[in-house]
2 protein chains.
Amino acid sequence: MPRPAAAARTTHSNTAPPAAVEDIDTSFLESLLGYNARRAALAVIDRFLAGMEPYQLKPVEFSVLSLVAHNPGITSRQLCSTLGILPPNLVGMVNMLEKRELIARRPHPTDGRAMGLHLTPAGQKLVRDAEKTAATIEAGFASRLTPAELRTLIALLKKVYKAA
Amino acid sequence: MPRPAAAARTTHSNTAPPAAVEDIDTSFLESLLGYNARRAALAVIDRFLAGMEPYQLKPVEFSVLSLVAHNPGITSRQLCSTLGILPPNLVGMVNMLEKRELIARRPHPTDGRAMGLHLTPAGQKLVRDAEKTAATIEAGFASRLTPAELRTLIALLKKVYKAA
DNA sequence: TATTGTTATACTCTATAACTATA
DNA sequence: TATAGTTATAGAGTATAACAATA
């Protein structure tokens, strides 16, 4: 974001070390997959965060609810290994979602230690609406990417993190 | 990561609600750009973190050193806006890199408030080696992605986060 | 008046150790 | 003995407010 050409006093002084930097060279970083993946993820998540504001859901909370919706009876342990979060960090989230009466813990049918997670009717409605919003956000990126590019991008991303 | 087919007792009970989940359906989440971008970024950064261990550099510290290397005299403010980090959070990092004698603060040639950042000889050597390692890590992904796919992926990621 | 660098501080996210009850 | 869920806690990472020196 530095202005294009102010203070032209410090131009082409090829030998003097104490020169000011005007245009920042980011070419090396931009050649790295990690740098670009992180920047893109942050940009998309930022948009997602804004879109989920009416539902008071952060990205991970949305992921949890969506997984419970499509996998009624899923356990905490399964959520953790699927989403890559640690059990102690899930507990508070599940408590909060239960207090909001979006999900309910029920005893697991075969494992007395585990609890199966289920959506309440209110949770089902919220997830339906939130997933619709997520799809809309997704479509919003079609302004920068064609549908084909979006498909390609997602396919390549999967190739990167699957079989890690 | 649940085992494929243990406890076959709880199979095809199509009507009973309290059933155990065996294979987790993640298809909706996997259709979302944000989910895939985050997972991919985490996977790559994980690999990067391991590769940078001998240099004792975290991804952001590597980014800072690399930017200083290619832009000698760059200011803290410029680093912050380029990398999307906040000034208070950069201070400690620069202090630490200075204490490790990898960078040096010198007075800015035209702005008395600012400090220009420069690499020490030790810093230059470290960055050269670390960038070589970064390129190697990058090449390591060629096992999952062809060089053409990697180029396409990076180009599409740029499209996503530029013009955000 | 605005900006650079800085301190202090708070809030979130992520990680580790240890306990309980079931398997 | 191992695993699911939980508690407590520690450590990163990220955020805002406010100040001194300079523009």
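Naming: A, B, ... by sequence-line order, numbering from 1 per chain. Because the structure is predicted, anything quoted here is derived from the model rather than measured.
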*Between A114(B) and L86(A), name the one whose nearest nucleotide on DNA chain C is closer to the 5' end.*
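The answer here is A114(B).
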Figure out the [atom1]/[atom2] separation between [X] and [N], and round it to whole Å.
X: L90(A); N: dT7(D); atom1: CG; atom2: P; value: 12 Å
X: R77(A); N: dT20(C); atom1: CZ; atom2: P; value: 19 Å
X: H108(B); N: dT6(C); atom1: NE2; atom2: P; value: 14 Å
X: E98(A); N: dG5(D); atom1: CD; atom2: P; value: 13 Å
X: L83(A); N: dT14(C); atom1: CG; atom2: P; value: 11 Å
X: N95(A); N: dT7(D); atom1: CG; atom2: P; value: 7 Å
X: L117(A); N: dT6(D); atom1: CG; atom2: C1'; value: 14 Å

*salt bridge (Lys or Arg N to Asp or Glu O under 4.0 Å): which pairs involve residues 65-76 of chain B, sequence neighbours left out?*
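For residues 65-76 of chain B, and leaving out neighbouring residues, there are no salt bridge (Lys or Arg N to Asp or Glu O under 4.0 Å) pairs at all.
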*Pairs involving residues 87-104 of chain B, ordered by first then second residue, that meet salt bridge (Lys or Arg N to Asp or Glu O under 4.0 Å) (sequence neighbours left out)*: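 Qualifying pairs: E98(B)-R105(B).
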Between the protein and nucleotides 21-23 of chain D, list the N/O to N/O atom pairs that are separated by less than 3.5 angstrom.
unit_1  : atom_1 : unit_2  : atom_2 : d
dA23(D) : OP1    : G112(B) : N      : 2.8

*Indicate whether OP1 or OP2 belonging to dT6(C) is found under 4.0 Å from a side-chain N or O atom of R105(B).*
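So the side chain of R105(B) is within the cut-off, an N or O lying under 4.0 Å from OP1 or OP2 of dT6(C).
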*Between K58(A) and dT12(C), does any side-chain N or O lie under 4.0 Å from OP1 or OP2?*
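False: K58(A) side-chain N/O out of range (4.0 Å or more) of dT12(C) OP1/OP2.
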*Which of the following nucleotides, dA17(C), dT14(D), dA8(C), is nearest to the side chain of P88(A)?*
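Selected nucleotide: dA17(C).
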*For L42(B), enumerate each residue passing the side-chain contact (heavy atoms from CB on, under 4.5 Å) test, keeping only those at least two apart in sequence or located in another chain.*
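With neighbours one apart ignored, the set is R38(B).
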Name the atoms and distances for all side-chain donor-acceptor pairs under 3.5 Å in residues 153-160 of chain A, with sequence neighbours left out.
unit_1  : atom_1 : unit_2  : atom_2 : d
K158(A) : NZ     : E30(B)  : O      : 3.3
K159(A) : NZ     : E149(B) : OE1    : 3.3
K159(A) : NZ     : E149(B) : OE2    : 2.8

*Classify the ring geometry between Y35(B) and Y161(A) as parallel (under 30°), tilted (30 to 60°) or perpendicular (over 60°).*
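Because their plane-to-plane angle is over 60°, the rings of Y35(B) and Y161(A) count as perpendicular.
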*Pairs involving residues 42-67 of chain B, ordered by first then second residue, that meet ring pair (Phe, Tyr, Trp, His ring centres under 6.0 Å) (sequence neighbours left out)*: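 Of all non-adjacent pairs touching residues 42-67 of chain B, those that pass ring pair (Phe, Tyr, Trp, His ring centres under 6.0 Å) are F48(B)-F62(B).
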